[in-house]
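Working notes, beginning with the structure itself.
Numbering starts at 1 and runs along the sequence shown. Computed over heavy atoms, backbone and side chain alike; hydrogens, waters and symmetry mates excluded.
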Amino acid sequence: MITPRVGSWQLRNCEQIIMGNTELLDQKHFLIGSTRLRNEALILQDTLNYAGEQVDAIVAYDDASTDRTLEILRGHPKVVLIVTNEAWEEDIEARRIAEGRHRGLLLQIARARLNFDWMFCFDADERVTGDLRGLARGSRAGNCDGIRIRLFDAYMTPEDCAPYHPDRELLDFRQFFGPEQRDILMLWRNRPEIFFAGQHAREPGGVERVQTDLCCQHYGKSLSVEHWEETCDYYIRHFPFDTYGRKWLDRKGRAIHTQSDFMRPLYEWGDTLFANAIKI
């Protein structure tokens with residue numbers, strides 16, 4: 001176990017750091033991955049295999065998972081360090097603030113123990129379809145500090161609603177996607193002015209020169225009908241009702257789609273989807 005103090009963040013009594021593949025410590029890395037997880041055992045092995053093809057090492061925060069998430073993390077050769085939390089935050093506002101803290105803790109630990117040039121911040125249900133490593137190394141990255149990636153939601157449709165099973169790849173698992181495009185800052189250089197604070201969530205602060213490139217398939221709405229219903233219940237119970245709960249209450253029982261959640265046509269992954277993209 002590492003001493004419970006890293007940079008300006010402190011580990012809490014309910015947190016500890018578990019070592020993964022220690023051969024990756026104290027080495028020079030070009031691109032490392034960072035992820036924050038809770039109960040992702042269904043897709044996690046594929047997630048780590050996918051990310052491991054792009055990055056040199058992975059640091060992870062396991063937020064009090066009750067399934068095999070921690071076991072899978074510890075068994076993967078690209079995972080170097082894991083922060084484990086034994087007490088999931090029940091308070092809605094405190095949990096929102098905790099997200100920035102968790103990601104900041106990972107960034108600080110990575111800076112303390114890994115020498116790296118770029119960080120890729122990903123969620124378990126995301127699959128970037130391009131060459132992240134090549135993008136960061138190439139001229140398209142130029143002098144930018146960070147890169148936003150265009151994210152599109154995958155949907156279950158009447159002809160494509162079989163549940164996901166962990167013996168297959170998640171990339172290209174679903175046929176149709178909504179045209180709503182969210183540009184997420186997932187990739188940034190390791191520069192000291194880039195940081196996470198309590199007011200941050202998915203994206204850090206201090207990234208001034210940003211460009212948008214590549215695309216990402218997001219499967220949070222399309223793993224299975226059962227998972228859809230669990231997702232609805234999660235947002236209803238654990239997020240502010242006016243901003244999240246009401247919307248997800250309306251979505252219960254509506255896992256199968258012929259349109260996106262925003263009442264727009266669905267498209268197969270590719271140029272037609274990108275040509276009809278609507279930034280939200």
Side-chain angles (χ1 to χ4, degrees), residues 1-20 25 32-40 44 47-48 51 55 57-67 69-70 72-74 79-114 116 118-126 145-146 148-149 151 182 184-208 210 220 231 234-235 237-240 243-245:
M1 185 185 304
I2 297 174
T3 180
R5 184 176 182 86
V6 184
S8 61
W9 297 105
Q10 290 187 3
L11 293 179
R12 297 177 176 175
N13 291 335
C14 58
E15 296 172 326
Q16 63 174 317
I17 297 178
I18 295 175
M19 308 300 292
L25 289 173
I32 69 167
S34 172
T35 188
R36 178 176 179 264
L37 305 157
R38 176 174 166 82
N39 291 340
E40 298 287 4
L44 183 54
T47 298
L48 297 175
V55 304
I58 297 170
V59 294
Y61 189 102
D62 176 40
D63 196 8
S65 291
T66 57
D67 60 7
T69 290
L70 181 58
I72 295 169
L73 285 171
R74 298 184 71 168
V79 176
V80 58
L81 293 165
I82 309 160
V83 180
T84 64
N85 177 23
E86 297 179 354
W88 190 65
E89 179 59 67
E90 293 284 350
D91 181 77
I92 291 174
E93 182 61 21
R95 195 174 60 254
R96 183 190 65 80
I97 295 172
E99 181 171 356
R101 177 184 168 273
H102 295 167
R103 296 190 192 278
L105 191 58
L106 287 178
L107 179 57
Q108 291 178 181
I109 291 169
R111 285 172 170 164
R113 300 304 305 270
L114 300 168
F116 64 99
W118 286 81
M119 173 169 277
F120 170 48
C121 183
F122 63 94
D123 285 349
D125 57 4
E126 297 169 346
D145 299 319
R148 294 186 179 276
I149 296 176
L151 183 144
R182 288 174 283 160
I184 309 296
L185 183 61
M186 297 187 187
L187 189 65
W188 57 81
R189 296 182 191 272
N190 180 23
R191 292 185 170 165
E193 62 269 22
I194 297 175
F195 68 101
F196 280 95
Q199 73 270 23
H200 298 137
R202 174 66 187 269
E203 301 181 351
V207 187
E208 295 184 356
V210 180
T231 300
Y234 173 78
Y235 281 106
R237 294 170 183 168
H238 301 300
F239 281 74
T243 54
Y244 285 93

Going by side chain to side chain donor-acceptor pair (under 3.5 Å), Y61 matches just one of H102, R36, R38. Which one? H102
Does any non-hydrogen side-chain atom of D63 lie less than 4.5 Å from one of W88? yes
Between A87 and C14, which heavy-atom pair has the shortest distance, and what is it? CB-CB, 4.0 Å
Shortest non-hydrogen contact from G220 to T231? O-OG1, 4.0 Å
I184 side, atom CD1; E126 side, atom CD - distance, nearest 0.5 Å: 7.5 Å
Might you point out which heavy atoms bring Q10 and R101 nearest each other, and give the distance in Å? O-NH2, 2.9 Å
Between the main-chain N or O of T66 and the side-chain N or O of N39, is there a donor-acceptor pair closer than 3.5 Å? yes
Side-chain heavy atoms of R202 within contact of D123, under 4.5 Å: yes
Under the rule for side-chain hydrogen bond (donor to acceptor under 3.5 Å, both in side chains), what residues qualify as partners of S34, not counting sequence neighbours? none
Over all heavy atoms of both residues, which pair between L187 and W118 is shortest? Give the atoms and the distance, please. CG-CE3, 3.7 Å
Closest heavy-atom contact between F122 and T35? O-OG1, 2.8 Å
Are any of the side-chain heavy atoms of E15 and L105 separated by less than 4.5 Å? yes
Let me confirm one number: the CE-CD1 distance from M119 to I32, rounded to the nearest 0.5 Å. 3.5 Å
Can you tell me how far CG of L185 sits from NE2 of H200, rounded to the nearest 0.5 angstrom? 10.5 Å
With a 4.5 Å cut-off on side-chain heavy atoms, are I194 and P204 touching? yes
CG of L70 to OG1 of T84, rounded to nearest 0.5 Å, is 6.5 Å
Are any non-hydrogen side-chain atoms of E208 and E193 less than 4.5 angstrom apart? no
Interatomic distance, CD1@I72 vs CG@L48, rounded to 0.5 Å, equals 8.0 Å
Please tell me if the side chains of F116 and V55 come closer than 4.5 Å, counting only heavy atoms from C-beta onward. no
Are M186 and L151 close enough, and set up right, to give a side chain to side chain contact (heavy atoms under 4.5 Å, CB included), and what steps lead you there? CA-CA 10 Å; M186 297 187 187; L151 183 144; 3.9 Å; yes
For E89, all residues meeting side-chain hydrogen bond (donor to acceptor under 3.5 Å, both in side chains), sequence neighbours excluded: none
side-chain contact (heavy atoms from CB on, under 4.5 Å) partner of V83, the single match among D62, L106, I18: L106
Working note: E203 + R103, criterion side chain to side chain contact (heavy atoms under 4.5 Å, CB included); need CA distance, chi angles, decisive distance, verdict. CA-CA 9 Å; E203 301 181 351; R103 296 190 192 278; over 6 Å; no
Report yes if some heavy atom in the side chain of V59 is under 4.5 Å from a heavy atom in the side chain of V80; otherwise report no. yes
First locate atom CZ of F195, then atom CD of Q108, and finally report the distance between them rounded to the nearest 0.5 Å. 11.0 Å
L37 and A124 have their tightest heavy-atom pair at CD2-CB, 3.7 Å
Mark yes or no for whether R111, through its side chain, and R191, through its backbone, hold a donor-acceptor pair below 3.5 Å. yes
For a 4.5 angstrom cut-off between non-hydrogen side-chain atoms, does L25 reach L81? yes
Partner residues of T47 under the side-chain hydrogen bond (donor to acceptor under 3.5 Å, both in side chains) criterion, sequence neighbours left out: R127
For D91, does the CG atom have more than 12 heavy-atom neighbours from other residues, nucleotides or ligands under 6.0 Å away? yes
